[in-house]
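What follows is a short report on a single structure.
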Amino acid sequence: MSEEKSLNFIEEIIEKDLAEGKHTTITTRFPPEPNGYLHIGHAKSICLNFGLAIKYGGKTNLRFDDTNPVTEETEYVESIKEDIQWLGFNWANELYASDYFEQLYAFAEKLINKGLAYVDDSTSEEIAQQKGSPTVPGIRNKYAERSIAENIQLFTEMRQGKYADGEKVLRAKADMSSPNMHMRDPILYRIKHAHHHRTGDKWCIYPMYDFAHGQSDSIENITHSICTLEFIPHRELYNWLIEQLDIFPSHQYEFARLNMTYTVMSKRKLLQLVNEKHVSGWDDPRMSTISGMRRRGYGAAALRDFCDKIGIAKRENLIDIGLLEFCVREELNKTALRRMVVFAPLKMTITNFDKEVEWVSIEDNPEDPNTTHRQVPFSKEIYIEQDDFMEVPPKKYFRLFPGGKVRLKGAYIIECNEVIKDDEGNIVELKCTYLPESKSGNDTSGIHVKGTLHWVSIAHAIHAEVRLYDRLFHVENVADAEGDFKDHINPNSLEIVEKVYAEPALANNNLAERYQFLRKGYFCLDKDSTDNKLIFNRTVTLKDTWAKEVKKKN
RNA sequence: UGGCCUAUAGUAUAAUGGUAGUACAACAGGUUUUGGUCCUGUCUGUCUUGGUUCGAAUCCAGGUAGGCCAACCA
């Protein structure tokens, strides 16, 4: 009954290439620049590149595009590797563009010798000006006339460190009147007397993206070099350089990057959020980074599922963050341990309950047919959620109210007999009676109640802090919103509840476990927790149709 | 106003000249000891104008709209 899943346009290209014998196997690569942490948009690219290799029996290299030493750091290299592995992918080779610096230098010499590159002494302003505009052809300056010998000599001296930053560049001699601005004698090498995270001080000239990326692809025999749409104009130059150098013909294909509602997806902006302390760090659970989502409790399988669901195409898109949350819930529903935790307590005294404690057995996960059970203490004094009681219930409200009955999850049906208030009229306690014959799993009372509440025995409760996260921005399309993106930060994206009351089973916990606090949402232990203080992150809320109902009426 | 890319429900994504489908969202109902899950149903779509064709979302031409390109960033 296997329903054939349709192919995306890149899979179609690959299947055609394979069928026609253009390639016998495919090689892809994931090429991050180590200048920031990976975000969910990178996850899309990772799933695509690694997924393709898995599907077609090829391999994927991890190649760091580390050609700009001033922005790149080892910390980023480490985080990137961790994120890819956590997502569940293994690279064939861990490579660096900087590994190819010597070869890239030789490629540059080859171009010079073919009369296709020259050293230019112009300032960047002059170069920009001479480039013209999309409607006005560029003009070549006198440096383009230098002899091959002079160019070789100058380029050698550039490498030797005879010149200061910005004093000279190596340019390709391509086409100054091309409608494609990237063909107007693009810069191949620039001088940067900067320390490189891997090559140290060995080099003071560094290749530009256009003279590193395609060449690295070629060196690695990458068959399908997949990047995002904004690189489309680079493809002509990508092909031109490969052709002039006469090296393995890698091909570039472009797909639309991921955009998501209520978030930002650019390393530059994410870096700003970190540097300006709008968040606690790259792995702040509100960030769109993979590490942030991991800390928040999102599962790797959920992220992969999400990337699969959004598809691959060439049109600009803005994905509803609700789809990501759907994927997260779908995974967690099957795996999370159920626990009862009261956030805003309201005391309930069960006046006719005389035992000191009764341990009731409740399933850890009702979705799991082989679920285990834990014992939960039930006693005379418990907490329920303040929200679960109303003195004057609205229509369709089926939680507790005076004279009303509800079931306490896993325990008994109780009836509310009396409401106790303080001097200011606040409800401080409920006096209830329970129906002994209504015990969960052994209910002979014949009474049906609509509401089931979570609860915690006061004497047995353990305490924890809970961090409730909301979207980081309060506008749907942050990139399109007026003004600076930081103007749209949601000031209420983090709400901390200092003390919540949990059933004792939650004392047994670990960082890897995922929990569903019944009727509250999915939670995971945060790394900030200590022996004395438990801290839980809210991964995502449960779908709440009652809240929606209430909202509709207002 | 030079070139390139794109256009299918609210959002994404299929249909590769032959019944416009799927997911999320929304809405209605059923089940339920989580107002969760699960199940059922409903709603909404081929940017536009021509052309080719027995037949066009698909091919062609014009238009319109959106995006990208003039960093010693990637």
Side-chain angles (χ1 to χ4, degrees), chain A residues 3 5-8 12 31-33 35 65-68 70-72 120 122-124 127-129 131-138 165-171 178-182 184 187-192 205-206 208-210 212-213 227-236 254 256 261 267-268 309-320 322-327 329-330 333-334 338 340 362-363 366-367 396-399 406-411 413 438 440-441 443 448-454 516-522 541-550:
Chain A
E3 239 170 73
K5 202 190 173 240
S6 56
L7 305 176
N8 65 49
E12 283 180 5
E33 182 187 13
N35 67 346
D65 233 334
D66 55 350
T67 57
N68 185 2
V70 302
T71 59
E72 295 154 6
D120 191 333
S122 309
T123 64
S124 66
I127 289 175
Q129 208 208 357
K131 260 194 179 166
S133 77
T135 49
V136 180
D165 289 10
E167 208 175 324
K168 286 178 165 46
V169 291
L170 183 73
R171 284 231 255 171
S178 170
N180 181 347
M181 298 299 290
H182 293 273
R184 323 254 265 226
I187 292 171
L188 266 23
Y189 266 92
R190 77 288 213 189
I191 299 169
K192 273 181 195 285
I205 57 171
Y206 293 92
M208 296 286 291
Y209 165 84
D210 285 306
H213 199 101
C227 61
T228 46
L229 255 30
E230 64 270 27
F231 290 95
I232 288 175
H234 293 255
R235 190 174 62 226
E236 188 180 355
E254 311 87 5
T261 55
K267 278 196 277 190
R268 202 196 93 246
K309 279 187 161 72
I310 58 178
I312 300 293
K314 295 188 80 159
R315 76 189 87 128
E316 295 288 335
N317 59 77
L318 182 64
I319 306 282
D320 186 347
L323 181 60
L324 212 208
E325 293 174 343
F326 169 82
C327 295
R329 287 192 187 103
E330 195 177 39
N333 178 48
K334 290 183 229 144
R338 313 291 134 124
M340 294 197 290
I362 306 180
E363 69 272 8
E367 296 299 306
K396 292 205 239 175
Y397 184 85
F398 47 83
R399 274 113 98 147
V406 292
R407 172 170 296 281
L408 295 174
K409 172 71 185 178
I413 293 174
S438 69
S440 193
D443 184 351
H448 285 283
V449 293
K450 266 212 130 172
T452 299
L453 309 185
H454 63 281
Q516 184 197 101
F517 293 176
L518 234 59
R519 306 206 297 138
K520 289 303 221 177
Y522 294 100
T541 59
L542 254 25
K543 221 169 106 185
D544 191 344
T545 49
W546 172 244
K548 198 159 45 174
E549 184 76 23
V550 171

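Heavy-atom basis, side chains included; hydrogens, waters and symmetry copies ignored. In what follows, chains carry the letters A, B, and so on, assigned in the order in which the sequence lines appear, proteins first and then strands, with residues in each chain numbered from 1.
Nearest-nucleotide positions on RNA chain B for A:Ile127 and A:Glu367 put A:Glu367 closer to the 5' end. Mapping A:Thr135 and A:Pro32 onto RNA chain B by nearest heavy atom places A:Thr135 closer to the 5' end of the strand.
Counting non-hydrogen atoms under 4.0 angstrom, A:Thr123 reaches a base of the nucleic acid. Contact annotation for A:Pro31: no contact, since no heavy-atom pair falls under 4.0 Å across all strands. Here A:Gly451 lies out of heavy-atom contact (under 4.0 Å) with every strand. Among the atoms of the strands shown, none is found under 4.0 Å from any heavy atom of A:Tyr522. Using a 4.0 Å heavy-atom distance criterion, A:Lys267 is classed as making no nucleic acid contact. Residue-level contact check: A:His182 touches the backbone only, with heavy atoms under 4.0 Å from sugar-phosphate atoms and none from bases. Among the atoms of the strands shown, base atoms are found under 4.0 Å from some heavy atom of A:Ser122. Across all strands, A:Ser133 comes closer than 4.0 Å to base atoms (heavy-atom distances). Within the nucleic acid shown, A:Phe398 comes within 4.0 Å of at least one base atom, counting heavy atoms only.
For A:Arg399, the listed nucleotide lying nearest its side chain is B:rG35; candidates were B:rG35, B:rC5, B:rC72.
Side chain to side chain, A:Ser122 and A:Asp120 meet the donor-acceptor criterion of an N or O pair below 3.5 Å.
Between A:Arg235 atom CZ and B:rC69 atom C1' there is a gap of 13 Å when expressed in whole angstrom units. Summarising the geometry, the separation between CG on A:Asp210 and C1' on B:rC73 is reported as 11 Å, rounded to the nearest angstrom.
Between the side chain of A:Arg407 and the base of B:rU33, at least one donor-acceptor pair of N or O atoms lies under 3.5 Å. Side-chain N/O atoms of A:Thr452 and base N/O atoms of B:rU34 include no donor-acceptor pair closer than 3.5 Å. Side-chain N/O atoms of A:Arg329 and base N/O atoms of B:rU37 include no donor-acceptor pair closer than 3.5 Å.
Salt bridge absent: A:Lys543 and A:Glu325 never bring a charged side-chain N and a carboxylate O closer than 4.0 Å.
Nucleotide B:rA61 is matched to B:rU49 when pairs are restricted to Watson-Crick or G-U wobble geometry with both distances under 3.5 angstrom. Pairing of B:rG41, defined by two Watson-Crick or G-U wobble distances under 3.5 Å, is identified with B:rC27.
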